[in-house]
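Keep in mind that this is a model prediction, so the values were computed, not measured. Order of the sequence lines fixes the chain letters, A, B, ..., with proteins taken first and strands second; residue numbering starts at 1 for each chain.
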Amino acid sequence: MELKPGTKVKPAGTTAEFIVIRSPGGALELTGGGAPLDGEAGELLIGKRYSDDEGLIELLCTQSGPGPLLLNGRALAAKAAKALPSSD
Amino acid sequence: MNIVTLLDMVASVDPGRVVVGDAASGLTAGELRELATKAATELADQPGRPLLFAGTATEAFPIMLFGAAAAGRPFAPISYRLAPGPFAALVRNQLPATLVAQQRGAGKLPPLDGLRVATPEAYLDVVRRAEPSGREPDQDPDRPAVLLHTSGTTGDPKVAVLRHRHLTSYVLNGTELLGAGRDEAALVSVPPYHIAGVAGLLTGLYGGRRIVQLPNFEARAWVETAAAQRITHAMVVPTMLARIIAVLAETGETLPSLRHLSYGGGRMPRPVIEQALELLPHVGFVNAYGLTETTSSIAILGPEDHRAAKTAEDPAVRARLDSVGKPLPGVEIVVRDASGAGLGAGERGELWVRGPQVSGEYASSSRIDAEGWFRTQDAGRIDHDGYVHVEGRLDDVIVRGGENLSPGEIENVLIGHPDVADAAVFGSPDEEWGEIVVAAVVLRPGAEVEEKEVQDWVATHLRSSRVPAEVRFLPDLPRSDVGKVLRRVLRHQLTHSPHHSRSTP
């Protein structure tokens, strides 16, 4: 399916839901749950952002569910949170 | 994504969390979401047209902001303090539209075609009785979300366009969903039409930090509210902090719950922040630099830097208190000369910024270049350690005999004089020098000072080129309602009044 920024996604295989923040375009397949790869299983958590190593795609989890999250078969990882001191 | 999704996420995880108002009686995330959905039903009558909001910071502000977002309409907070003429002109510019305004602003409006008008109270009554909207909010990140009038301290105000992607990038970049402790509460005293009012609402809500609104800033009320509501976080503009400090010094209030105080929206005089550090030793201070067009903060000086500067022997480390710290993650700031060529560390030029939160766009045109850079029109430099120093608006830089002088540097010295309460410096045309330095000075009550004394004071602290050629004594400085010095007004006022070399008590 086409993943445009703003698209809401409910990948097959998990109850987790996402919204696309950034996407390279082209044919992309997102799947969730199933067999854990490379120890990337665990819960997909609301509020976490998931991206590939290159940072080409980014999805915000809007509802938690079982992981992992796979893009074209490759696991996406949660971005490390950078807690900034609030400024406004 | 749409900013209303930020609210949806908070409400789905913790619907009972109080997000706005008193800890016991305030609005919960679930209630706010329901009211926003109902407001979207009511706002379906003018698709895509602005919702103008000319109210103080009350519960109506977040309800109308998220209601407009859910309905796919831009939210345009405007100043309720504007005179009837400019207010009507601004409204006319946005027609057709809905205007939710307190009587004061809307009372003198002529009848206008395509304008629906209501007070916040009346509109909320209708909203409460409405059915929740069944429509899925449009998630297109490119839709305009918020229209803000820039302060226009150097020219005519412009309408800055912030799209959903600018606001959501800003929030997600620095805020963890419900990352705040349950006891945290933020006091918001900037008005809804200030970028920090909008950004503070969104980050506070997404982080789960209860927002306490102070509709009209008054220092004593701010201190009392902070104490009574056990406020842990707050943001103020420099003029507010100066007045808060005076109240703390007078009353002895120590605000033990307060942990975090951020300031921005103008240059902070060094004596004010030094006294604040002294009076509130348990508080972490953050200096934030940002513009309306950059969706609030793009650089911050954090609590550690404030503490280090306070105790440092090294003048370079102390001088960091005059900086705005380092760019936020994902934001790039560079310094360039007038031709657009890059400058090195320590060199003065114009600050350029790039990043996903940077809009740089006005209703009439975009000012983002092909590489994504936005020229801030702020003069500044970045030192060898990467700290960004902002020296005021480019237009305010004084060019005296070919040398560029920063008004802020001179103002800092003036305000350090024991008899000076406030000061502003600007350039005045001069045949010999091109421009000369003029200082407008407000003295403390009862003080009497001569022009010569002020000039000597500056001469003992700065090079001679920075000594004001003229010192003008005023009862107060003209400021915008969020505390920015109106140099245009000041310049006009002083070129049309006689010059006395003595203060008149």
Side-chain angles (χ1 to χ4, degrees), chain A residues 1-11 14-26 28 30 32-33 42-69 71 76-88, chain B residues 1-2 5 8-10 12-13 136 138-143 164-165 168-170 172-180 186 188 190 194-204 206-207 209 233 235 260 262-265 284-290 296-297 299-300 302-303 328-330 356:
Chain A
M1 72 182 286
E2 198 187 347
L3 300 179
K4 282 191 310 187
T7 307
K8 284 187 161 183
V9 199
K10 295 182 182 180
T14 177
T15 48
E17 295 179 14
F18 300 86
I19 195 159
V20 181
I21 303 288
R22 193 182 5 247
S23 165
L28 299 168
L30 273 179
E43 184 88 347
L44 300 164
L45 289 172
I46 185 169
K48 294 282 178 215
R49 289 181 286 169
Y50 293 84
S51 64
D52 56 359
D53 294 342
E54 297 81 24
L56 295 174
I57 190 158
E58 185 176 318
L59 300 125
L60 175 68
C61 182
T62 55
Q63 188 176 303
S64 302
L69 179 66
L71 175 76
L76 300 182
K79 283 177 79 167
K82 286 170 230 143
L84 299 173
S86 70
S87 60
D88 44 31
Chain B
M1 74 186 273
N2 187 311
T5 299
D8 285 343
M9 291 167 69
V10 173
S12 74
V13 177
E136 266 289 299
D138 189 334
Q139 293 289 347
D140 182 356
D142 273 327
R143 287 184 80 101
H164 285 278
R165 64 184 154 91
T168 52
S169 295
Y170 180 70
L172 296 176
N173 189 33
T175 325
E176 273 293 283
L177 174 68
L178 294 167
V188 176
V190 289
H194 191 282
I195 179 60
V198 174
L201 182 69
L202 293 175
T203 54
Y206 190 69
R209 186 176 293 130
H233 291 65
M235 185 269 169
H260 184 101
S262 63
Y263 57 92
F285 284 85
V286 171
N287 184 7
Y289 166 60
S296 202
S297 312
I300 57 170
L328 295 182

For chain A, find which of B/H260, B/E176, B/E136 contributes the most heavy-atom pairs closer than 4.5 angstrom. B/H260
Quick test of your reading: applying salt bridge (Lys or Arg N to Asp or Glu O under 4.0 Å), list the pairs with at least one residue in residues 14-23 of chain A, sequence neighbours left out, ordered by first then second residue. A/K10-A/E17, A/R22-A/E58
Let me know if B/T5 has heavy atoms under 4.5 Å from chain A in its side chain, its backbone, both or neither. side chain
Polar side-chain atom of A/R49 near backbone of B/L172 as donor-acceptor pair, under 3.5 Å: yes
Just give me the residue among A/S86, A/S64, A/P5 that pairs up with chain B most often, heavy atom to heavy atom, under 4.5 Å. A/S86
According to ring pair (Phe, Tyr, Trp, His ring centres under 6.0 Å), who are the partners of B/Y206, at least two apart in sequence or on a separate chain? none
Approximate separation, where rounding is to 0.5 Å, of A/K48 NZ and B/L177 CG: 9.0 Å
A/T62 OG1 to B/M1 CE distance, which is reported to the nearest 0.5 Å: 8.0 Å
Mind checking the SG-CE spacing from A/C61 to B/M9? Nearest 0.5 Å is all I need. 7.0 Å
Best-contacting candidate, B/L178, B/N173, B/D138, against chain A by heavy atom pairs under 4.5 angstrom: B/N173
Considering only heavy atoms, which portion of B/Y289 lies under 4.5 Å from any heavy atom of chain A: side chain, backbone, both, or neither? neither
Output for pair (B/L328 CG, A/S87 OG), nearest 0.5 Å, gives 6.5 Å
Going by atom types only, do A/D88 and B/Y263 share a side-chain donor-acceptor pair under 3.5 Å? no
Against chain B, label A/I19 side chain, backbone, both or neither, depending on which of its atoms sit under 4.5 Å from a heavy atom there. side chain
Between B/R209 and chain A, which part of the residue has a heavy atom less than 4.5 Å away: side chain, backbone, both or neither? side chain
A/K79 versus chain B, heavy atoms under 4.5 Å apart: side chain, backbone, both or neither? neither
Rounded to the nearest 0.5 angstrom, the OG-CD1 distance for B/S169 and A/I21 is 7.5 Å
Interface moiety of A/L45 toward chain B, non-hydrogen atoms closer than 4.5 Å: neither
